[in-house]
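If you're wondering where the values come from, they're calculated on a predicted model, not measured in any experiment.
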Amino acid sequence: MVDAGPLARIAVVLVGTTHPGNIGAAARALKTMGLARLVLVAPRAFPDPEADARASGAADLLAQARVCATLDEALAGTRLAIALSARRRGLSLPELDVRAAAGLAVEEARLGEVALVFGTESVGLSNDEALKCQRLAWIPTAPGYSSLNLAAAVQVAAYEVRMAAAEPAPRAPAPFDAAGIDEIEGFYAHLERNLVQSGFLDPAQPKRLMERLRRLFGRARLEREEVNILRGILSAWDGYGGRRKR
Ligand code: SAH
């Protein structure tokens, strides 16, 4: 039997969708699998008659879709975000196939909010967008042509989520109070300011180091309490501002 509890806490986030028809088809894909939460980040055209037409009987999901200006806004309060990508990216985010990712999503959704994040049709997710997520998932394909249509990718992922929710729940997973992605983004911003202020990080080239640090903390899955401790440490260091003498 499918456990509807976790399904209700899994959102599908579509970033920068170009074709409104894909938004409608994604809504339909979700509804067939018992998922209901569609989040649209800066869609090019929405609402749109093409989306309505492709949604068919899933107009209710489109009507309830949450439209956000940024991915940060979409992921606020989320405990785990999984980026779906057709390409391997050398980002060293932990990678999973979609079946394992769906299993993890369902497990985490027993504890809180989870997001599956899909990129734009033409180029997929940017590295910056993928690095706001803690895991990278791919749908296995024929070698040499790995790029599914966006709504088709949503359908496959939603199906795997439903199958995972039909598995008996594992023995009570060790619950942990994962920090929300907005809290983690606040920590990264604070860390970057602090590193620049101390002279450790060159403000002209913050990207590489901050990406490495995102990987590090992304692997660790920070708890809320741990983010508070790290913010406290940074605040104490803020007091010792001033560039390091060379
Ligand atoms: N040309 C783009 C593909 C965009 S397809 C690229 O190279 O990334 C639109 C979205 O569908 C992707 O951003 C991804 O979220 C999803 N998608 C398509 N094929 C996928 C696959 N094989 N595995 C996982 N996600 C896939």
Side-chain angles (χ1 to χ4, degrees), residues 1-15 26-27 29-41 58 60-61 64-66 68 71-85 93-118 125 130-140 153-187 214-215 217-229:
M1 229 211 13
V2 171
D3 183 353
L7 293 186
R9 283 188 292 275
I10 297 179
V12 162
V13 179
L14 306 183
V15 180
L30 295 190
K31 187 161 180 174
T32 55
M33 296 298 138
L35 291 164
R37 295 181 45 195
L38 182 60
V39 183
L40 307 172
V41 177
D60 52 335
L61 261 70
Q64 295 158 23
R66 190 154 76 88
C68 297
L71 181 55
D72 281 310
E73 186 187 336
L75 296 181
T78 298
R79 64 181 277 130
L80 176 73
I82 302 178
L84 274 286
S85 174
L93 279 176
E95 296 185 8
L96 304 164
D97 68 34
V98 68
R99 189 158 292 171
L104 178 65
V106 167
E107 201 177 300
E108 290 279 330
R110 297 187 202 282
L111 304 171
E113 307 291 327
V114 171
L116 304 177
V117 183
F118 294 79
L125 292 167
L131 280 166
K132 291 189 190 295
C133 303
Q134 293 88 36
R135 297 287 183 275
L136 197 65
W138 81 93
I139 297 166
V154 170
Q155 182 75 74
V156 171
Y159 169 77
E160 290 294 343
V161 164
R162 185 169 185 82
M163 290 303 103
E167 296 285 323
R171 263 182 304 129
F176 75 102
D177 188 21
I181 286 181
D182 46 334
E183 295 165 283
I184 295 179
E185 287 295 324
F187 162 63
R214 277 175 181 269
R215 275 184 221 170
F217 290 110
R219 281 202 308 275
R221 301 286 320 279
L222 295 171
E223 295 182 13
R224 184 162 283 139
E225 182 68 24
E226 292 166 341
V227 170
N228 289 339
I229 292 169

Legend entry - Inter-residue atom distance F187.CZ - N228.CG, 0.5 Å rounding: 11.5 Å
Legend entry - Minimal non-hydrogen separation, A115 against T78, with atom names: N-CG2, 3.8 Å
Inset, instruction - With L116 as reference, evaluate I10, V154, L35 under the side chain to side chain contact (heavy atoms under 4.5 Å, CB included) test and give the passing residue. - result: I10
Inset, instruction - Run through R221, R9, R135 and flag the one making a side chain to side chain donor-acceptor pair (under 3.5 Å) with E108. - result: R221
Legend entry - For the student: nearest non-hydrogen atoms of A158 and A29, plus distance: CB-O, 4.2 Å
Legend entry - Pairwise side-chain contact, F217 with I184, heavy-atom cut-off 4.5 Å (strictly under): no
Inset, instruction - First locate atom CG of L80, then atom CG of L104, and finally report the distance between them rounded to the nearest 0.5 Å. - result: 5.0 Å
Legend entry - Min side-chain heavy-atom separation V98-P140 under 4.5 Å: yes
Inset, instruction - List the steps, then state whether side-chain contact (heavy atoms from CB on, under 4.5 Å) holds for D97 with W138. - result: CA-CA 5 Å; D97 68 34; W138 81 93; 3.9 Å; yes
Legend entry - Smallest separation among heavy atoms of L125 and L84, with atom names: CD1-O, 3.7 Å
Legend entry - Short N-O contact, R79 and E223, less than 4.0 angstrom: no
Legend entry - Donor-acceptor pair, side chain of R162 and main chain of M33, under 3.5 angstrom: yes
Legend entry - Residue R215 excluded, over 12 heavy atoms near CZ under 6.0 Å: yes
Inset, instruction - Report the C-alpha distance between D60 and K31 in whole Å, list the side-chain angles of each, state the deciding distance to 0.1 Å, and finish with yes or no for side-chain contact (heavy atoms from CB on, under 4.5 Å). - result: CA-CA 9 Å; D60 52 335; K31 187 161 180 174; 3.1 Å; yes
Inset, instruction - Indicate yes or no: at least one non-hydrogen side-chain atom of Q64 is less than 4.5 angstrom from one of R37. - result: no
Legend entry - Distance in Å, C68 SG paired with L14 CG, rounded so as to fall on 0.5 Å steps: 11.5 Å
Legend entry - Heavy-atom pair of closest approach, residues V106 and P6: O-CB, 3.7 Å
Inset, instruction - Look at the side chain of Q134 and the backbone N and O of G218, then say whether any donor-acceptor pair between them is shorter than 3.5 Å. - result: no
Legend entry - Pairwise distance CG(L75) to CD(E185) - rounded to 0.5 angstrom: 8.0 Å
Inset, instruction - Please round to the nearest 0.5 Å and tell me the distance separating atom CG of L71 and atom CG of L131. - result: 11.0 Å
Inset, instruction - Search all heavy atoms of S85 against all heavy atoms of L136 and return the closest pair with its distance. - result: CB-CD1, 3.9 Å
Legend entry - Heavy-atom donor-acceptor pair, D182 side chain to G77 backbone, under 3.5 Å: yes
Legend entry - Pairwise distance CG(L30) to CD(Q155) - rounded to 0.5 angstrom: 8.5 Å
Legend entry - OH (Y159) with more than 12 external heavy atoms under 6.0 Å: no
Inset, instruction - Provide the closest heavy-atom pair for C133 versus V117 in the form atom of the first, atom of the second, distance. - result: SG-CG2, 3.9 Å
